[in-house]
Number of protein chains: 2
Amino acid sequence: MTPQRELIARTFFRNKGHVSAEDIYKQVQKRAPRIGFATTYRTMKLLSEAGVASLRSFGDGFSRYEPALRTDHHDHLICTQCGHIIEFEDDRIESLQKTVARKHGFRVTDHKLELYGICSHCRNTKK
Amino acid sequence: MTPQRELIARTFFRNKGHVSAEDIYKQVQKRAPRIGFATTYRTMKLLSEAGVASLRSFGDGFSRYEPALRTDHHDHLICTQCGHIIEFEDDRIESLQKTVARKHGFRVTDHKLELYGICSHCRNTKK
DNA sequence: TTTCATGCAAACGGTTTGCAGCTAT
DNA sequence: ATAGCTGCAAACCGTTTGCATGAAA
């Protein structure tokens, strides 16, 4: 554990999740401009290998990380207009997922549910 | 509509969906080696703009296309070991998704549900 | 001729890697 | 001294774009 890694990890955990590597890099740079993105990427890879961060790729080309400590499964509502991301959790959906998987002989290790649409804010301020 | 575009479109629809651009490119090249990937990409973009193909990015870095003609919403079970993809459909999950979205004031335009795990085949032939 | 698609190669953007230098054992 | 991390820059890989050629109307 080096100072660089500690700063990167702290920065990562300070966020609410759904953080892109670039986000972390920029935030880290404000405090330690000499840290390069290579170190950021390498550290995030370490964190995800260690199981404390999990990589989540939304459709937008670059990878996002979120803390893996959380015990709740949660999924995402994504506004395609403003990019805002809302988390939600629904036990009934979860259990239906398990049922479906079992029906196909799958042992599910992870899942990803994303609902894309227009959030209420963007719907009200439509031009 | 040019011969190239026709071949690419035909090749695309010959597949069962979840086809990567590279897949299409390779298949097309067997029949018409002079077609470049630029044309493949451009044609796939056209097809998705025309609404007959829809772009779906799984987490693996490159983009996949599937026919958009289909009326059923379907989701995916993905084996993380052999990469096999199974489609499924579950109306109860669909309706729960709508409920959740409504609760957050979202108007959902699209959704994506992916379950990752180990398929029955890989579970049985585990080494 | 004008238009527009093609094929090639170069560019792009996010991520990874090689490598020389630096730290801390 | 040696092991291993850093920072830089170059490489990488899937995708996009610029441009000269070529076919069609």
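Below, chain A is the first sequence line, B the second, and so on; all start at residue 1.
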Quiz item: Is B:Arg102 positioned over the aromatic face of B:Phe106, cation under 6.0 angstrom from the ring centre and no more than 45 degrees off axis?
Solution: no
Quiz item: C:dT16 C1' sits how many Å from A:Phe62 CZ, rounded?
Solution: 17 Å
Quiz item: B:Arg56 and B:His111: which non-hydrogen atoms are nearest, and at how many Å?
Solution: NH1-O, 3.6 Å
Quiz item: Does some side-chain heavy atom of A:Leu46 sit less than 4.5 Å from a side-chain heavy atom of A:Arg5?
Solution: yes
N/O contacts under 3.5 Å, protein versus nucleotides 21-24 of chain D?
none

Quiz item: Within 45 degrees of the axis of the six-membered ring of B:Phe12 and under 6.0 Å from its centre: does B:Arg10 put its NZ or CZ there?
Solution: no
Practice problem: Report the distance from atom CG of B:Asp90 to atom CD of B:Gln97, rounding to the nearest 0.5 Å. | Solution: 9.5 Å
Practice problem: Go through residues 34-50 of chain B and report each residue with a non-hydrogen atom lying under 4.0 Å from DNA chain D, sorted by number. | Solution: B:Phe37, B:Ala38, B:Tyr41, B:Arg42
Self-check item: Atom pair distance, as rounded to whole Å: CD in B:Gln4 and C1' in C:dT6
Solution: 6 Å
Exercise. Would you indicate which nucleotide in D:dT15, D:dT6, C:dT6 comes nearest to any side-chain atom of B:Arg5?
Key: C:dT6
Exercise. Using a strict 4.0 Å threshold on nitrogen-to-oxygen distance, state whether B:Glu49 and B:Lys45 make a salt bridge.
Key: no
Quiz item: Can you tell if the side chain of B:Tyr65 reaches within under 4.5 Å of the side chain of B:Ser54, non-hydrogen atoms only?
Solution: no
Quiz item: Of A:Thr2 and B:Arg64, whose closest DNA chain D nucleotide lies nearer the 5' terminus?
Solution: A:Thr2
Quiz item: Rounded to the Å, how far apart are B:Ile8 CD1 and C:dA5 C1'?
Solution: 11 Å
Quiz item: Listed by chain and number, what are the side chain to side chain donor-acceptor pair (under 3.5 Å) partners of B:Ser120, not counting sequence neighbours?
Solution: none
Quiz item: Residues in ring-ring contact (aromatic ring centres under 6.0 Å, His included) with B:His18, at least two apart?
Solution: B:His76
Self-check item: Interface with DNA chain C, restricted to residues 18-29 of chain B and to heavy atoms under 4.0 Å
Solution: none
Quiz item: Can you check side-chain contact (heavy atoms from CB on, under 4.5 Å) on A:Arg42 and A:Thr40, steps first, answer last?
Solution: CA-CA 5 Å; A:Arg42 283 192 275 236; A:Thr40 309; over 6 Å; no
Practice problem: Evaluate the side-chain proximity of B:Ile78 to B:Phe58: yes if any heavy-atom separation is below 4.5 Å, no if none is. | Solution: yes
Practice problem: Would you confirm whether B:Lys98, through its side chain, and B:Val108, through its main-chain N or O, come within 3.5 Å as a donor-acceptor pair? | Solution: no
Self-check item: Distance in angstrom units between A:Met1 CE and D:dT6 C1', rounded
Solution: 15 Å
Practice problem: State the CZ-CG distance between A:Arg92 and B:Leu96, to the nearest 0.5 angstrom. | Solution: 5.0 Å
Shorter than 3.5 Å, N or O on both sides, protein versus nucleotides 20-25 of chain C: list them out with atom names.
none

